[in-house]
Chemist: 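This structure is in structure tokens; I'll ask about it shortly.
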Amino acid sequence: MVHDSVIEFKNVSKIYQTNNGECAALTKVDLAVRPKDFLSVAGPSGSGKSTLLKLLLGEERPTDGQIFFNGQDIALFSTSEMPHLRRRIGTIFQDFKLLSNKTVYENIAFAMEMVGKPTKEIEQDVPQVLELVGLSDKTEYFPHQLSGGEKQRASIARALIHRPEVILADEPTGNLDLLNTWDVVRLLLKINELGTTIILATHDREIINNLNRRVITINRGKVIRDEENGRYVL
Amino acid sequence: MSIFYLTFGRILKSGWNNFLRNRWLALATISVMVLAIFFMTGLIFVNLIGKTLLVNLQNKVDISVYLKQDVSEQDVSIIRSDLTFLNEVKDVNYISADEALASFKAKHQDNAVLMESLQELGNPLLPVLNVEAQEASQYEAIVNFLGQDKYQKIVDKINYQQTKPLIDRLSSFTNKVSRGGLIISIILALVAGLVTFNTIRLAMYNFRHEVSVMRLVGASNWYIRGPFLVEGIIYGVIAAVSTTTLLFISLYFLSPKINSLVPGSDLLGWFKVNFFSLLFFQTGAGILLGGVGSLVAIRKYLKV
């Protein structure tokens, strides 16, 4: 086991059972992510990027192979233990996935409340994170009262609040305009500078070419390229 | 331990907030629950009316024991006290031959032919004991009791044979009504429960995304379920209190009318006497419907 990896995929395959037979989303993926990496996962829609992140979050189970998180095989987490894994990972989704019944403040506080953090700590941390993402003046808004960019910033704040070791971002800019896209990317870079490993799945050529960080390219379920300072080539 | 109370408090608060923020959904669910609980308790009252009605009918049935013409006052009082002593007997009423004649004359005083023939005959009527049983099914036993040898010289005849079909019909009617009522009650309660459960399931369907989001950001199952359970219980309590209020209002206006149709059925009185057990039953039904309903409904969205 390689100890300097936060995340390690060993020969991972995922095959979905569909009505038309089997559909291989990932085939024999090997991948190691070092701490404080900013890893972009590039590839066209349907190439398997989302499946990769879903496997990491335990939303899907691999058909074959092993996935390690800090040396722990995540296949060993049962459904009821899965929350413990997920609390160490922050997730940002393309469709934001904010709780529509809760205000911005409550959405972010939720991630701390669910692990039993004291109220005092929550009252201290949430405003700080909201300031970091620039939503200090929208704390009492409900998600439907926010713009797309604001929603994504709120969801980034939620992913950050419990200081996870890794942040997974699945097409976080997919629903945003150009200006908001760069806001989000800059925010992710800032978070990475503060020491958090980031895995960003995107099909946005511009983002990847501008980041100038490690890039793996997936096509039809296979990793076809893995380069430091990579570019979007397909 | 303190973390337990902290989490418990947060679940309560979150459930209460959800309730306040989903007012329209809450209103829809609660109204269905009110209907269900109202229906269930309504059946208690229908049952109550039915029972009173049957008691009233049964009170109208009795058997007449005709005594010999020459029976002595002493024999009458013996047989009368023997009958009163029986558990099955509710009431015994003695009408002597003279009294019977007097009431017959009073009834037919306009009928000249009858009056004339009576004058010629003297008193053809027999002294009679009217016996009323506690329940219609007990007349058979009373008639058997009077069949003993020691009563042979006192009793002339018993009109049970004529009344028997009526009594039998009434007994079987009573049984059928109570059995049928029970079955109908159970079916209706099941239907009401299912409708409520489905309403809650639809409400929960609205929240399936929220539930999966909570799972994905790492909330434990009980932390997700808790607020929904609290919300369901709030629904139940509100539904129970509203139903009780609704019931009181309807009984306040309907009870006198029903009482004049079916004397002795004081529904409002019954409601007042049983107020707390009724409220307890309704709250229990409400919490069961709301709480268990939401727990079962949310289950399948927790598998992410």
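Residue numbers begin at 1 in each chain, while the letters A, B, ... track the order of the sequences.
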Chemist: Test side chain to side chain contact (heavy atoms under 4.5 Å, CB included) on B:Ser220 and A:Met82 and set out the steps.
Modeler: CA-CA 8 Å; B:Ser220 68; A:Met82 209 45 98; over 6 Å; no
Chemist: Considering non-hydrogen atoms only, spot the tightest contact between A:Thr91 and B:Leu216 and give its length.
Modeler: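 Taking A:Thr91 first and B:Leu216 second, the nearest heavy atoms are OG1-O, 4.5 Å.
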Chemist: What part of A:Glu60 gets closer than 4.5 Å to chain B, counting heavy atoms only: side chain, backbone, both or neither?
Modeler: neither
Chemist: Whether A:Glu113 and B:Lys13 form a salt bridge (side-chain N of Lys/Arg under 4.0 Å from carboxylate O of Asp/Glu) is what I want to check.
Modeler: no
Chemist: Once rounded to the nearest 0.5 Å, what's the spacing between atom OG of A:Ser80 and atom CG of B:Leu302?
Modeler: 11.5 Å
Chemist: If you compare all heavy atoms of B:Ala219 against all heavy atoms of A:Pro83, which two are closest, and at what distance to 0.1 Å?
Modeler: O-CG, 3.6 Å
Chemist: Shortest non-hydrogen contact from B:Val217 to A:Met114?
Modeler: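 Closest approach of B:Val217 to A:Met114: O-CE, 2.8 Å.
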Chemist: Are there over 12 heavy-atom neighbours, none belonging to A:Arg61, within less than 6.0 Å of that residue's CZ?
Modeler: yes
Chemist: Atom CE in B:Met214, atom CG in A:Leu99: separation rounded to 0.5 Å?
Modeler: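 With rounding to 0.5 Å, CE (B:Met214) is 5.0 Å from CG (A:Leu99).
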Chemist: Which heavy atom of B:Ser14 sits nearest to which heavy atom of A:Lys102, and what is that distance?
Modeler: OG-NZ, 3.3 Å
Chemist: So for A:Ile89, is it side chain, backbone, both, or neither that comes closer than 4.5 Å to the heavy atoms of chain B?
Modeler: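 Looking at A:Ile89, nothing touches chain B.
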Chemist: Looking at every heavy atom in both B:Arg10 and A:Met112, which two are closest together, and how far apart are they?
Modeler: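 Smallest interatomic distance, heavy atoms only, reads NH1-O, 4.4 Å.
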Chemist: Backbone N or O of B:Arg215 within a donor-acceptor pair of the A:Arg86 side chain at under 3.5 Å?
Modeler: yes
Chemist: Would you say that more than 12 heavy atoms from the other residues, nucleotides or ligands in this model lie under 6.0 Å from the CZ of B:Arg208, or not?
Modeler: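 Yes, the 6.0 Å shell around CZ holds more than 12 heavy atoms from other groups.
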Chemist: So for atom CZ, which belongs to B:Phe281, do other residues, nucleotides or ligands contribute more than 12 heavy atoms lying within a distance under 6.0 Å?
Modeler: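 Yes - once you tally the heavy atoms of other residues, nucleotides and ligands closer than 6.0 Å, there are more than 12.
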Chemist: Go through the atoms of A:Pro164 and report whether side chain, backbone, both or neither lie under 4.5 Å from a heavy atom of chain B.
Modeler: neither
Chemist: Pick whichever of A:Gly58, A:Ser100, A:Ala111 has the most heavy-atom pairs under 4.5 Å with chain B.
Modeler: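 If we count pairs closer than 4.5 Å to chain B, A:Ser100 comes out on top.
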Chemist: Has A:Glu131 got more than 12 heavy atoms of other residues, nucleotides or ligands less than 6.0 Å from its CD?
Modeler: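 For A:Glu131, atom CD is not crowded (no more than 12 foreign heavy atoms under 6.0 Å).
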Chemist: With a cut-off of 6.0 Å (strictly less than), are more than 12 heavy atoms of other residues, nucleotides or ligands near CZ of B:Phe280?
Modeler: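 No.
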Chemist: Could you tell me the separation between the OG1 atom of A:Thr103 and the CZ atom of B:Arg21, rounded to the nearest 0.5 Å?
Modeler: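 The CZ atom of B:Arg21 is 6.0 Å from OG1 of A:Thr103, to the nearest 0.5 Å.
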Chemist: Please rank A:His84, A:Arg158, A:His162 by heavy-atom pairs under 4.5 Å with chain B and give me the top one.
Modeler: A:Arg158
Chemist: What's the separation between atom CG in A:Asn101 and atom CG in B:Asn17, rounded to the nearest 0.5 Å?
Modeler: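 Reported value, rounded in 0.5 Å steps: 9.0 Å.
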Chemist: Pick whichever of B:Asn22, B:Thr7, B:Ile11 has the most heavy-atom pairs under 4.5 Å with chain A.
Modeler: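 Of the candidates given, the most pairs with chain A belong to B:Asn22.
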